Each structure stands twice: as C-alpha cells, then as structure tokens.
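Below you'll find the structure, written out as structure tokens, and then a few comments.
Here the structure is a predicted model, which means the values were calculated and not measured. When a residue number appears, it is its place in the shown sequence, counting from 1.
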Amino acid sequence: MLSDRLRVDAEGADRTRYHHVMGWANLVVPGMGGLLELRNLHLDPSDPRNRAREVSPLMFLAAPGRRSLTVGDINSIGVGFPEPDWTQMQRHQLNGQLRSPGEAEESDREAVELLARAGFVDAASRFGQETVATAAFGEGDVPRRMDLVLSSPALAPALVGYQVYMEPVEKGLSDHAAVSADYDLSLLSEAA
C-alpha cells in the first residue's frame with residue numbers, strides 16, 4: 001500500500017473477534033470518489049460455526065455504493081467448487097470442514113454463502129476459475145479453493161483479471177497457491 005497513487009486514510013487489525021486476524025485499511029485513490037475499503041482475513045480453520053460469526057460484520061461492506069475488497073484464507077470452500085472426496089482426509093480433521101453432525105456429510109460453506117448472499121462477487125467465478133484449487137495441497141489434505149478475492153457490488157465492475165499461481169506449492173514453500181486479481185478503477189463511475 002506504499003504508493004504515490006493512493007493514500008491510507010485509516011488502518012488497523014482485529015485480533016479479538018477473529019481466530020487469526022483481520023487486517024484492514026481504508027484507502028483514498030485519486031480520481032475515485034469515496035474510500036476503497038480493504039479487508040484481509042484468515043478465518044478459523046477448525047470451526048465452521050465460528051467462520052460464519054467471523055464474516056457476519058463484513059456484510060455491511062457490500063452495501064450499495066461501498067467499494068470494498070475482502071480477501072484471504074477463508075478456510076471454507078468457495079461457491080462453485082465441486083464437493084471434494086472427504087474420505088482422503090483424516091477423521092479428526094473433518095469437523096473443521098463438514099456441516100454439523102446430523103446434517104448432510106458435505107462441505108460447510110456457510111461463511112462463503114453468507115458473503116455471496118450479501119452481494120460479494122467472487123473473482124474466480126467471474127473468470128470461470130471457481131473449480132481451481134488454491135490450498136490444502138499438503139499430505140493427507142484435500143485440495144480445495146479456500147483463498148478468495150471478493151468484491152462488493154460497487155467495486156465488481158472494475159474487476160478485469162484473476163489468476164492462480166501454483167509456484168508456491170510446486171516449490172514446496174506453502175500448501176497454498178498465490179492468487180491475484182486486477183482492477184481498473186477507471187471503469188467505476190463517480191456516482192457509485
């Protein structure tokens with residue numbers, strides 16, 4: 001965020017409400033009316049119900065006219081990713097990934113579904129890459145798309161590119177791929 005093309009209006013982190021952390025910044029971008037609101041998340045990897053609680057305050061960032069970007073390791077499978085074969089995962093790890101006992105034994109996607117229902121646009125879906133895994137490439141894990149780039153409806157028209165880079169996984173640096181999204185803010189109208 002160090003650039004002569006933008007100014008940080010405010011920034012901080014919330015370590016209290018989030019299992020890991022949520023970093024945030026509000027940016028002033030010359031030529032773009034209003035703020036660009038950024039949120040970087042790393043949600044709870046072991047409790048789907050907590051992930052849903054963690055994303056609840058973010059709904060307001062999708063309100064009409066708000067230009068916001070929510071990115072990070074959501075630890076929940078993205079909308080549009082096919083149901084994985086969970087039999088490959090060790091049983092003690094399943095509770096962090098599946099719906100509650102008594103429900104269908106399938107992925108818990110509540111946190112992601114809440115964000116989608118609020119209006120956030122998933123960059124991967126916009127570019128037909130919703131089935132490309134981004135994480136969980138470690139031994140005994142089940143590859144899935146957990147690293148998401150989500151735009152508010154007011155920012156989504158500026159989304160012009162999305163890419164997954166496998167180099168971190170291929171070089172053994174991480175069990176997550178790198179993800180990038182490109183935005184052309186000149187595509188936004190001043191009124192939005």
Side-chain angles (χ1 to χ4, degrees), residues 1-3 8 11-25 27 38-55 58 68-99 105-116 120-151 159-183:
M1 291 190 307
L2 300 175
S3 170
V8 176
E11 64 182 315
D14 186 342
R15 290 177 175 84
T16 306
R17 186 183 333 219
Y18 295 87
H19 177 82
H20 289 299
V21 67
M22 179 191 68
W24 63 272
L27 306 177
L38 304 178
R39 301 298 182 268
N40 184 3
L41 303 168
H42 188 179
L43 299 183
D44 192 331
S46 59
D47 185 353
R49 289 150 303 281
N50 193 43
R51 286 194 294 268
R53 285 188 293 274
E54 288 176 311
V55 300
L58 302 176
S68 68
L69 186 60
T70 299
V71 302
D73 181 352
I74 305 299
N75 273 312
S76 179
I77 297 176
V79 174
F81 192 85
E83 188 66 24
D85 177 5
W86 292 111
T87 62
Q88 299 175 41
M89 183 176 271
Q90 296 181 22
R91 291 189 58 76
H92 73 279
Q93 295 177 318
L94 289 174
N95 285 337
Q97 303 305 318
L98 300 179
R99 296 190 181 275
E105 216 171 276
E106 60 185 29
S107 304
D108 180 276
R109 301 178 195 226
E110 185 176 5
V112 174
E113 289 167 348
L114 287 168
L115 293 168
F120 282 98
V121 176
D122 186 333
S125 297
R126 172 76 66 84
F127 291 93
Q129 295 189 40
E130 61 269 21
T131 62
V132 178
T134 63
F137 296 104
E139 188 176 327
D141 211 339
V142 178
R144 52 201 182 272
R145 188 166 68 87
M146 302 185 317
D147 303 288
L148 306 182
V149 177
L150 305 169
S151 307
L159 180 60
V160 295
Y162 172 85
Q163 186 67 43
V164 175
Y165 302 91
M166 294 303 296
E167 290 87 350
V169 174
E170 292 165 353
K171 292 182 177 182
L173 302 172
S174 177
D175 67 340
H176 288 257
V179 177
S180 70
D182 296 313
Y183 292 82

Exercise for the section: Quick one: closest heavy-atom pair of Val164 and Ala133, and the distance? Expected result: CG1-O, 4.2 Å

Handout entry: Residues in ring-ring contact (aromatic ring centres under 6.0 Å, His included) contact with His19, at least two apart in sequence or another chain
Key = none

Fill in the blank from the handout: Heavy-atom closest pair (Ala13 atom, Trp24 atom, distance to 0.1 Å) is N-NE1, 3.6 Å

Handout entry: Heavy-atom donor-acceptor pair, Arg144 side chain to Glu83 backbone, under 3.5 Å
Key = no

Exercise for the section: Look at the side chain of Ser107 and the backbone N and O of Arg109, then say whether any donor-acceptor pair between them is shorter than 3.5 Å. Expected result: no

Practice task
Might you point out which heavy atoms bring Asn95 and Pro48 nearest each other, and give the distance in Å?
Solution key: O-CD, 3.4 Å

Completion exercise
In this structure, CD of Glu170 is separated from OH of Tyr165 (nearest 0.5 Å) by 13.0 Å

Exercise for the section: Inspect the contact between Arg145 and Glu130 and indicate whether a charged nitrogen and a carboxylate oxygen are less than 4.0 angstrom apart. Expected result: no

Handout entry: Taking every non-hydrogen atom, the tightest pair across Val121 and Arg126
Key = CG1-NH2, 3.8 Å

Problem - Ile74 side chain reached by Leu41 side chain, heavy atoms, under 4.5 Å - result: yes

Problem - Distance (rounded to the nearest 0.5 Å) between Asp141 CG and Gln88 CD - result: 9.5 Å

Problem - Any donor-acceptor N or O pair under 3.5 Å, side chains Ser76, Glu110 - result: no

Exercise for the section: Kindly compute the distance separating CG (Asn50) from CG (Asn75), expressed to the nearest 0.5 Å. Expected result: 11.0 Å

Exercise for the section: Identify the heavy atoms of Phe81 and Pro84 that sit nearest to each other, and give their distance. Expected result: CE2-CG, 4.4 Å

Exercise for the section: Going by the side chain to side chain contact (heavy atoms under 4.5 Å, CB included) test, name the single residue among Val71, Asp14, Leu58 that passes it with Arg39. Expected result: Leu58

Exercise for the section: List the steps, then state whether side-chain contact (heavy atoms from CB on, under 4.5 Å) holds for Leu69 with Leu150. Expected result: CA-CA 6 Å; Leu69 186 60; Leu150 305 169; over 6 Å; no

Completion exercise
Rounded to the nearest 0.5 Å, the CG atom of Asn40 sits from the CE atom of Met22 at a distance of 9.5 Å

Exercise for the section: May I ask you to test the Phe120-Leu148 pair for a side-chain heavy-atom distance under 4.5 Å? Expected result: no

Problem - Modelled atom types, side-chain donor and acceptor of Ser180 and Asp182, under 3.5 Å - result: no

Exercise for the section: To the nearest 0.5 Å, tell me how far Met146 CE sits from Leu43 CG. Expected result: 10.5 Å

Problem - Close side-chain approach of Val149 to Tyr183, heavy-atom, < 4.5 Å - result: yes

Completion exercise
With sequence neighbours left out, the residues meeting side chain to side chain donor-acceptor pair (under 3.5 Å) with Arg51 are none

Fill in the blank from the handout: In short, Met166 meets Ala177 closest at the heavy-atom pair SD-CB, 3.7 Å

Handout entry: CD/Glu113: more than 12 non-hydrogen atoms of other groups inside 6.0 Å
Key = yes

Completion exercise
dist Arg99:CZ -> Leu94:CG (nearest 0.5 Å) comes out at 15.0 Å

Handout entry: Close side-chain approach of Trp86 and Glu105, heavy atoms under 4.5 Å
Key = no

Problem - Asp73 side chain vs His42 backbone, donor-acceptor pair below 3.5 Å - result: no

Exercise for the section: Please lay out, stage by stage, how Asp47 and Arg53 fare under the test side-chain contact (heavy atoms from CB on, under 4.5 Å). Expected result: CA-CA 10 Å; Asp47 185 353; Arg53 285 188 293 274; 3.9 Å; yes

